[in-house]
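Given the structure is predicted, the values throughout are model-derived calculations rather than measurements.
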Amino acid sequence: MTRPFHAIHSHGFVRVAACTPAVAVGDPGFNAAQILALAREGDARGVDLMLFPELGLSAYAIDDLLLQDALLSGVEAEIEGLVAASRDLAPVLIVGAPLQHNGALYNCAVVIARGRILGVTPKSFLPNYREFYENRWFAPGAGVTGLTMQLAGQSVPFGTDLVFEASDLSDFSFAAEICEDVWSPAPPSTQAALAGALILCNLSASNIVVGKADDRELLCASQSMRCEAAYLYSAAGPGESTTDLAWDGQATVHELGRRLASTDRFPTAAQMAVADVDVERLRLERTRTPTFNNAAVAAGRPEKAFRRVRFEHQPTFEDIGLLRPLDRFPFVPDDPARLDQDCYEAFNIQVQGLTQRLRATKSKHIVIGISGGLDSTHALLVAAKAFDALGKPRSEILGFTMPGFATSEGTKANAWALMAALGVTGQEIDIKPAALRVLEDIGHPFAKGEPVYDVTFENVQAGLRTDYLFRLANRHGGFVLGTGDLSEIALGWNTYGVGDQMSHYNPNGSLAKTLIQHLIRWVVKTGQLEEAASETLLAILDTEISPELVPADASGAIQSTQAKVGPYELQDFSLYYITRFGLRPSKVAFLAWHAWRDASRGHWPPNFPAGARNAYDLAAIKKWLGVFLYRFFEISQFKRSAMPNGPKVISGGALSPRGDWRAPSDGTARVWLDELEKNVP
């Protein structure tokens with residue numbers, strides 16, 4: 001083991017806190033004590049970076065008191081005290097203070113770490129409208145670059161051109177801006193991000209009026225998304241002067257547009273919003289997004305103009321847990337409203353894609369194989385809705401159930417019930433005689449009565465089904481609708497060529513197996529189709545996932561896909577983080593362990609059956625991740641290189657060579673398997 005597996009710092013995380021301490025108007029001593037108390041709490045909780053509000057040492061709403069020398073001297077004295085106290089504290093502190101330089105007063109962010117002032121960033125844009133009068137007291141920081149200032153007995157970098165970076169913790173880099181800066185058309189944090197800062201910090205006072213909290217949330221979320229960064233925001237809280245204004249103490253942490261943590265609003269005591277930011281993921285996201293790097297070039301490469309202030313952070317690499325929202329099902333939101341919206345969009349993307357393909361090909365019929373399983377069921381639902389949208393009778397959808405040597409009566413009955421409920425034209429073709437003839441022709445032992453159920457035995461059946469469908473499409477002037485999903489495509493769990501890997505058009509190719517079951521539930525819940533189909537759909541949801549190509553064993557146990565390729569809930573987890581973000585296998589295992597080790601902790605998707613709420617230990621996670629890596633990187637790419645058309649539906653959910661994923665068909669999984677073995681105990 002080269003890194004302690006259970007430590008967040010081994011996996012590219014930085015623990016941050018956006019803080020709202022209590023404040024006393026014009027009392028630097030009280031305010032510094034409040035900041036220090038929170039800093040010590042943050043130190044005890046393993047926080048790496050702590051952000052405090054704008055002008056937190058003096059208070060914000062003190063008007064002309066900002067021009068009193070006694071107050072300003074008191075602020076500097078308290079900064080000196082915080083610097084001294086910080087020697088024994090792990091977190092980097094960003095505090096707000098009014099500071100003088102060269103005859104001007106600036107509204108500043110002071111960055112303090114382990115007895116050192118790393119730098120001072122002044123506020124670029126001063127609001128001077130409505131209730132704001134900052135030009136009365138402060139000089140603007142815009143254009144202040146390349147300077148130094150004397151503060152607390154130290155000569156420190158001063159300017160809006162500062163990016164701070166830990167020398168001993170990869171990707172821990174940040175920059176500061178102050179309140180109004182993010183409300184401007186060109187926030188300074190944008191330039192800092194283009195210069196390399198991964199965490200953007202906003203010290204704010206920002207009084208509250210009705211509706212303003214939503215505006216702040218929007219700004220913070222959008223800036224974190226646009227800059228492919230984390231965005232910390234800390235607004236003034238309890239104790240600020242309410243002579244003319246009020247304060248709600250809003251503090252948030254966002255990452256790539258998603259809120260990771262927030263404080264309660266209108267607090268009566270100090271608070272912290274604490275979260276573990278995935279800075280490694282942010283760096284990887286920028287690496288895979290040429291637009292971000294092109295923007296840096298277009299801006300004249302800000303990294304050349306910014307000063308990079310390096311410091312030793314001295315991380316302990318201890319196991320301090322993981323503090324961030326983490327979905328067990330990355331393709332399935334836990335929030336009911338979000339899941340409803342995702343299902344609505346996914347289903348309609350599929351329907352729209354199929355509708356356009358029907359118009360373009362002028363096909364009268366769709367030919368589809370109906371097995372009674374999840375994938376073909378959902379594809380048939382999409383087809384029915386597409387025909388409705390075009391005003392075409394569903395009877396022109398030609399559904400075929402093709403029982404083989406292991407087809408159960410239950411799945412066949414479900415297939416027939418579904419076709420009948422939807423009003424499509426159904427037909428049954430027994431493939432066993434044709435399959436037996438093929439097995440006889442190629443000299444397979446099963447044809448002589450031997451119970452040999454190898455890959456040839458399976459693929460003869462899978463291939464015949466697809467062969468029939470293509471010829472039926474020829475005969476009826478239609479096209480074959482594919483049913484295979486993203487999870488099967490990722491694992492190569494499909495038969496290449498004349499098999500379920502191929503079709504004329506596949507609406508399911510960008511849908512994870514874990515999402516499809518929720519889509520079917522959504523179709524039922526929202527009444528997309530007739531009530532008569534609902535009972536059958538629910539029965540299909542309760543059916544064991546199986547290709548039904550091999551007869552049950554002596555105990556009656558049927559062939560189980562997940563026993564072979566792993567639980568889809570784990571494999572979809574790995575699929576998301578490896579293809580969407582390019583994470584190392586050991587980090588995927590770390591995330592999966594936190595998400596899946598305890599079924600009683602965390603959130604589950606709405607209406608998820610209690611009996612299906614599984615947990616996995618690290619050994620199981622490592623085992624099935626190894627299976628995923630081998631199947632995905634080494635043995636399955638050639639199937640993905642020849643995928644049929646179909647719409648991209650979900651982010652990170654397209655493995656078509658014309659979409660999100662391009663890779664050599666003759667690659668090896670060695671580097672991923674070695675990393676997994678080396679770094680996961």
Side-chain angles (χ1 to χ4, degrees), residues 5-6 11 278 281 322 324-334 339 373-375 484-494 508 510-519 541 543-547 559-605 608-636 650-653 655 661 669 672-673 675-677 679-681:
F5 175 79
H6 296 94
H11 300 286
D278 193 343
R281 172 194 176 199
L322 181 67
R324 74 186 268 118
L326 191 59
D327 292 330
R328 288 179 172 87
F329 299 92
F331 297 111
V332 184
D334 297 336
L339 180 57
L374 287 175
D375 295 342
D485 63 53
L486 175 70
S487 308
E488 295 176 342
I489 293 167
L491 292 163
W493 193 247
N494 47 14
N508 284 354
S510 179
L511 285 182
K513 183 80 77 176
T514 48
L515 177 57
I516 286 180
Q517 59 180 300
H518 293 279
L519 273 167
L541 286 169
T543 302
E544 167 73 30
I545 299 172
S546 171
Q559 182 185 17
S560 171
T561 296
Q562 296 184 96
K564 178 72 173 179
V565 300
Y568 276 117
E569 53 198 13
L570 281 185
Q571 302 303 42
D572 280 357
F573 190 96
S574 299
L575 169 67
Y576 179 81
Y577 284 104
I578 286 174
T579 61
R580 176 64 181 83
F581 297 109
L583 301 188
R584 290 172 285 108
S586 61
K587 183 167 183 173
V588 176
F590 175 79
L591 293 171
W593 181 67
H594 276 282
W596 285 99
R597 60 180 169 160
D598 186 347
S600 67
R601 297 176 62 182
H603 300 289
W604 290 86
F608 198 89
R613 298 185 178 189
N614 298 315
Y616 300 96
D617 60 19
L618 187 57
I621 289 167
K622 183 177 181 180
K623 170 189 172 181
W624 293 119
L625 180 51
V627 170
F628 176 87
L629 296 172
Y630 173 69
R631 295 190 67 92
F632 182 79
F633 285 107
E634 189 151 319
I635 67 170
S636 303
I650 50 181
S651 178
L655 295 178
W661 184 257
W672 290 270
L673 291 170
E675 200 279 338
L676 177 71
E677 187 59 37
N679 293 317
V680 179

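Separating the CZ atom in F331 from the CD1 atom in I650 is a distance of 4.5 Å, to the nearest 0.5 Å. Taken to the nearest 0.5 Å, the CZ atom of R601 stands 9.5 Å off from the CZ atom of R328. Note that CG of L575 and OH of Y577 are 12.0 Å apart. Values are rounded to the nearest 0.5 Å. From K513, atom NZ reaches atom CG of N508 across 9.0 Å, with rounding to the nearest 0.5 Å. Separation of atoms CG (D485) and CD1 (I516) is listed at 4.5 Å; rounding is to 0.5 Å.
The minimum heavy-atom distance between S636 and G492, with the atom names listed, is OG-CA, 3.2 Å. Residue L486 comes nearest to A512 through the heavy atom pair CB-N, 3.9 Å, listed as atom of the first residue, atom of the second, then distance. Nearest heavy-atom pair, A595 versus D327, reported as atom, atom and distance to 0.1 Å: CB-O, 4.3 Å. Between L676 and P585, the shortest heavy-atom contact is CB-CB, 4.0 Å. Taking each heavy atom of L629 and W672 in turn, the nearest pair found is CD1-O, 3.8 Å. The heavy-atom pair separating N614 from A599 by the smallest distance is O-CB, 3.8 Å.
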Is there a side chain to side chain contact (heavy atoms under 4.5 Å, CB included) between L322 and L591? Walk through the geometry before answering. CA-CA 9 Å; L322 181 67; L591 293 171; 4.2 Å; yes
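Looking at heavy atoms from C-beta onward, Y616 lies out of side-chain contact with F573 at the 4.5 angstrom threshold. By the 4.5 Å heavy-atom criterion applied to side chains, V627 and Q571 are counted as neighbours. The closest side-chain heavy-atom distance from V332 to L339 is below 4.5 Å. A heavy-atom distance below 4.5 Å is found between the side chains of L625 and I578. Annotation: side chain of H6 is in contact with side chain of W593 (closest heavy-atom distance under 4.5 Å).
Listed by first and then second residue, the salt bridge (Lys or Arg N to Asp or Glu O under 4.0 Å) pairs involving residues 610-625 are K622-E677 (not counting sequence neighbours).
Of the possible polar contacts, none joining the W604 side chain to the A610 backbone as a donor-acceptor pair under 3.5 Å is found. With hydrogens and angles disregarded, no donor-acceptor distance shorter than 3.5 Å links the side chain of E488 to the backbone of N494. Proximity of a side-chain donor or acceptor of Q517 to a complementary backbone N or O of L541 within less than 3.5 Å is not detected. In terms of modelled atom types and a separation under 3.5 Å, the side chain of E569 and the main chain of T514 share no donor-acceptor contact.
Side-chain rings of H11 and F5 approach one another, their centers coming within less than 6.0 Å. Centroid-to-centroid, the aromatic rings of W596 and F329 come within less than 6.0 Å. Ring to ring, F633 and F628 are not that close: their centroids are 6.0 angstrom or more apart. Residues F632 and W661 bring their aromatic ring centres within 6.0 Å.
Scanning for side-chain contact (heavy atoms from CB on, under 4.5 Å) contacts around I635 gives Y630, R631, with sequence neighbours left out.
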